[in-house]
Amino acid sequence: MADPKGFLTTPRQEWPRRPVTERVRDWNEVYVPGALLPVIGGQAGRCMDCGVPFCHQACPLGNLIPEWNDLVSREDWRAAAERLHATNNFPEFTGRLCPAPCEAGCVLAIDQPAVTIKNVECAIADRAWEEDFAPPAPPERLSGRTVAVIGSGPTGLAAAQQLTRAGHTVAVYERDDRIGGLMRYGIPAFKMEKRHLERRVEQMRAEGTKFRTSTTVGRDVDAAGLRARYDAVVIATGATAWRELPVPGRELAGVHQAMEYLPLANRVCEGDLEASPLSAAGRHVVIVGGGDTGADCLGTALREGAASVTQLDIYTQPGAERDEDTEPWPTYPKLYRLSAAHEEARDLGTAPAADADARLFAASTLRLTGDAGGQVRALHLVEVDAVRRPVPGTERTLPADLVLLALGFSGPDRGDGLIARLGLALEPRGTIARDADFATNVPGVFVAGDAARGQSLIVWAIAEGRAVAAAVDRHLSDGVSRLPSPIGPYDRPMTA
């Protein structure tokens, strides 16, 4: 390590955010431009280069965190970028979007604030692009084998890039008009500006990956025919079948799924629309669901000028400190965290019904009511206990002109005919079944990411893409592959 006493002498310092009143007036990333680089060397120097670095175990990608922390502290950015890209195809994505389970596994986090691993990663990735440390890496020779990748989220893109670099001819099929999956139309620009995505897509094009947009396999392209045309097929469509809210009044106008709402706001940012037809401007918004998607809806509604925004979380409010009995180090604990969107709602006072930020914890929706025209006007809720039983006498009503459902996803969408046309076997929970080699019951068809694992984090998605690429490469190369396989299909995050 560059500074043996760094973790003792240097306090944790994170990438500062822009003032709330400034950032809610635009869609740019919430962080102060250029403010990360001056502090990141000292932050990397806090890494203790542990003999047993649990940050490796906490991250499914197996990122070589102590190595690139040391290199950054010594300002060897080229070597740091090489070590980072050795395990992660898209560190500028994970450095912005991942909740950083690696930091929960940092040995320093046992009794001190963890190393700012996520910020260091982002700084390396951005510096790599600025200094041209991430040029296209086309294969030296082609294998003559072809692969179709269905889906262009982080899993599909990681699989496609790995297989292209291995010499196979890869085409990525995406049902939307632009590449990126939920990173394109689900993640708001204030969390990750789309220029980062465009840059990687152009890199992949230069390496030889082909992209087919506005193409739904199973509808626009026959799934069985596609399988017959390629030597292998990778399904990486994600888990896009959203969960419903089965309460009276769900049918009222103004009640929408988060993934109906967020893509329209992203299309405004892309210049496709002047204004979203579901804009929250001037409306009382209630978001049902306490996860990251709900927070994305919150930040979007604030930028659209909502009259008020409240987010309902059915779970009780977590504490600020890890519970060592139920969530011991190095597991990822459920803590009270203040995202950028919640910070904005708190400072702007846009949720008068909530105690602090925009959230009402331990809140369950009873019903929705509307006006004579069938437009939702109110959400009726009740407080629940730790096992979700209603607490008598706690019913209350919130004004609601727009209700957004952010309840997560149950598995891959079956409406496009892909699963049925290929005859893919499913698990009882609705995900696509696979074996230890990521292979489905259909010869030559593999599946990775949320479509098989279920809803998960972006680091798991990229790790799945890299792992399925190795499995496909073995399938196409007589059982031999030099591609890394960071995880197996049955691996799961550490739990107590």
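Only this structure's heavy atoms are used, side chains among them; waters, hydrogens and symmetry mates stay out.
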Here the pair of heavy atoms bringing Asp401 nearest to Arg283 is O-NH2, 3.2 Å

query: Distance-only, no hydrogens or angles: does the Thr365 side chain make a donor-acceptor pair with backbone N or O of Arg367 under 3.5 Å?
result: no

Checklist line | Check against salt bridge (charged side-chain N to carboxylate O under 4.0 Å, His left out), Glu270 and Lys194 | finding: CA-CA 9 Å; Glu270 295 279 6; Lys194 307 310 175 185; over 6 Å; no

- request: Starting from the C-alpha separation in whole Å, work towards a yes-or-no answer on side-chain contact (heavy atoms from CB on, under 4.5 Å) for Thr215 and Glu174.
  value: CA-CA 6 Å; Thr215 304; Glu174 169 56 52; over 6 Å; no

Mark yes or no for whether Gln162, through its side chain, and Pro484, through its backbone, hold a donor-acceptor pair below 3.5 Å. no

*Taking Thr169 for the side chain and Thr146 for the main chain, is one N or O donor matched with an acceptor at less than 3.5 Å?*
no

| said: Under 3.5 Å, is there a donor on one side chain and an acceptor on the other for Gln161 and Asn89? | reply: yes

Treating Asp450 as the side-chain partner and Arg453 as the backbone partner, does any N or O pair qualify as donor plus acceptor under 3.5 Å?
no

- Decide yes or no on salt bridge (charged side-chain N to carboxylate O under 4.0 Å, His left out) for Asp272 and Arg178, but give the supporting numbers first. CA-CA 12 Å; Asp272 298 342; Arg178 293 183 177 91; 2.7 Å; yes

For Glu131, the side-chain contact (heavy atoms from CB on, under 4.5 Å) test, sequence neighbours excluded, returns Arg127, Phe133

Ion pair present between Asp231 and Arg145, side-chain N to carboxylate O less than 4.0 angstrom? yes

dist Trp460:CH2 -> Cys98:SG (nearest 0.5 Å) comes out at 11.0 Å

(Q) Quick check on Glu140: does its CD atom have over 12 non-hydrogen neighbours (other residues, nucleotides or ligands) under 6.0 Å away? (A) no

### Query
Do we see a donor-acceptor contact under 3.5 Å between the side chains of Thr369 and His380?
yes

Going by heavy atoms in the side chains, are Thr350 and Ser308 under 4.5 Å from each other?
no

| Are any non-hydrogen side-chain atoms of Ile287 and Leu312 less than 4.5 angstrom apart? | no

### Message
Tell me whether the count of non-hydrogen atoms from other residues, nucleotides or ligands lying under 6.0 Å of NZ in Lys191 goes above 12.
### Response
yes

Derivation of the side-chain contact (heavy atoms from CB on, under 4.5 Å) call for Val234 and Val447:
CA-CA 5 Å; Val234 176; Val447 62; over 6 Å; no

* Less than 4.0 Å between a side-chain N and a carboxylate O, is that true for Arg205 and Glu198? -> no

Closest non-hydrogen atoms of Thr164 and Gly208, given as atom of the first, atom of the second and distance, are CG2-C, 4.1 Å

Heavy-atom side-chain contact between Arg200 and Leu157 under 4.5 Å
no

Handout entry: Electrostatic pair Arg434:Glu464 at N-O distance under 4.0 angstrom
Key = yes

Within-4.5 Å side-chain heavy-atom neighbours: Trp129 and His196:
no

ask   = Can you check whether Asp313 reaches Leu360 side chain to side chain, under 4.5 Å on heavy atoms?
value = no

- Item | Donor-acceptor contact below 3.5 Å, side chain Arg229 vs main chain Gly225 | no

| said: Checking the side chain of Arg23 only, and the main-chain atoms of Ala340 only, is there a donor and an acceptor separated by less than 3.5 Å? | reply: yes

**OP:** Taking the six-membered ring of Tyr185 (Phe, Tyr or Trp), confirm whether the NZ or CZ of Arg267 is under 6.0 Å from its centre and within 45° of its axis.
**Re:** yes

(request) Let me see the working for Asp413 and Arg175 under salt bridge (charged side-chain N to carboxylate O under 4.0 Å, His left out), right down to the final yes or no. (result) CA-CA 12 Å; Asp413 183 8; Arg175 65 181 179 179; 3.5 Å; yes

Next item on the list: Determine whether the side chains of Tyr336 and Asp357 contain a donor N or O and an acceptor N or O closer than 3.5 Å.
Entry: yes

| task | Please answer whether the main-chain N or O of Pro318 pairs with a side-chain N or O of Lys334 as donor and acceptor at a distance below 3.5 Å. | result | no

Note: Leu426 and Arg414 closest approach over all heavy atoms is CD1-CZ, 3.4 Å

Does atom OH of Tyr315 have more than 12 heavy-atom neighbours, drawn from other residues, nucleotides or ligands, at distances under 6.0 Å? no

Value for CD1 (Ile187) from CZ (Phe93), rounded to nearest 0.5 Å, stands at 11.5 Å

Worksheet item: Looking just at side-chain N and O atoms, do Thr87 and Asn63 make a donor-acceptor pair shorter than 3.5 Å?
Response: yes

Between the CD1 atom in Ile432 and the CD atom in Glu427, the distance rounded to the nearest 0.5 Å is 10.5 Å

OG1 of Thr94 to NZ of Lys118, rounded to nearest 0.5 Å, is 9.0 Å

Heavy atoms of Leu483 and Ala469 approach each other most closely as CD1-O, 3.7 Å

Rounded to the nearest 0.5 angstrom, the CZ-CH2 distance for Arg83 and Trp68 is 12.0 Å

**Report entry** Non-hydrogen side-chain atoms of Leu368 and Pro248 separated by less than 4.5 Å
**Finding:** no

Smallest heavy-atom separation, Ala232 atom then Phe446 atom, equals CB-CE1, 4.4 Å

Taking atom CG of Asp292 as the centre, does the number of heavy atoms from other residues, nucleotides or ligands within less than 6.0 Å exceed 12?
no

With the side chain counted from C-beta on, respond yes when Ile124 and Trp77 share a heavy-atom pair under 4.5 Å apart, and no when they do not.
yes

Open item on the list: Is there a side-chain contact between Leu422 and Ile235 in this structure, where contact means two heavy atoms from C-beta onward sitting under 4.5 Å apart?
Closed with: yes

Salt bridge or not between Asp371 and Arg377? Use side-chain N to carboxylate O under 4.0 Å. yes

Heavy-atom neighbours of Glu75 CD exceed 12 at 6.0 Å: no

Open item on the list: Distance alone, cut at 3.5 Å: any donor-acceptor contact between the side chains of Gln43 and Asn69?
Closed with: no

Whether Asn88 side chain and Leu84 backbone form a donor-acceptor pair below 3.5 Å: no

Here the pair of heavy atoms bringing Trp15 nearest to Arg96 is CH2-NH2, 4.2 Å

Quick check: does any side chain N or O of Ser152 sit under 3.5 Å from a backbone N or O of Gly180, one acting as donor and the other as acceptor?
yes

Pairing of Arg165 and Glu207 as salt bridge, 4.0 angstrom limit: yes

Exercise for review: Could you give me the CA-CA distance, side-chain angles and deciding distance for Leu402 and Glu304, then say whether side-chain contact (heavy atoms from CB on, under 4.5 Å) is met?
Suggested key: CA-CA 13 Å; Leu402 177 62; Glu304 290 179 336; 5.8 Å; no

Contacts of Ala148 meeting side-chain contact (heavy atoms from CB on, under 4.5 Å) (sequence neighbours excluded), chain-then-number -> Tyr173, Leu226, Tyr230, Val233

**Prompt:** Do side-chain atoms of Thr300 reach the backbone of Leu298 as a donor and acceptor pair under 3.5 angstrom?
**Reply:** no

Do NZ/NE/NH1/NH2 and the carboxylate oxygens of Glu29 and Arg18 come within less than 4.0 Å?
-> no

| field | Salt bridge Arg184-Asp176, side-chain N to carboxylate O under 4.0 Å | value | no

One should read off an interatomic distance between Ser410 OG and Glu244 CD, to the nearest 0.5 angstrom, of 10.0 Å

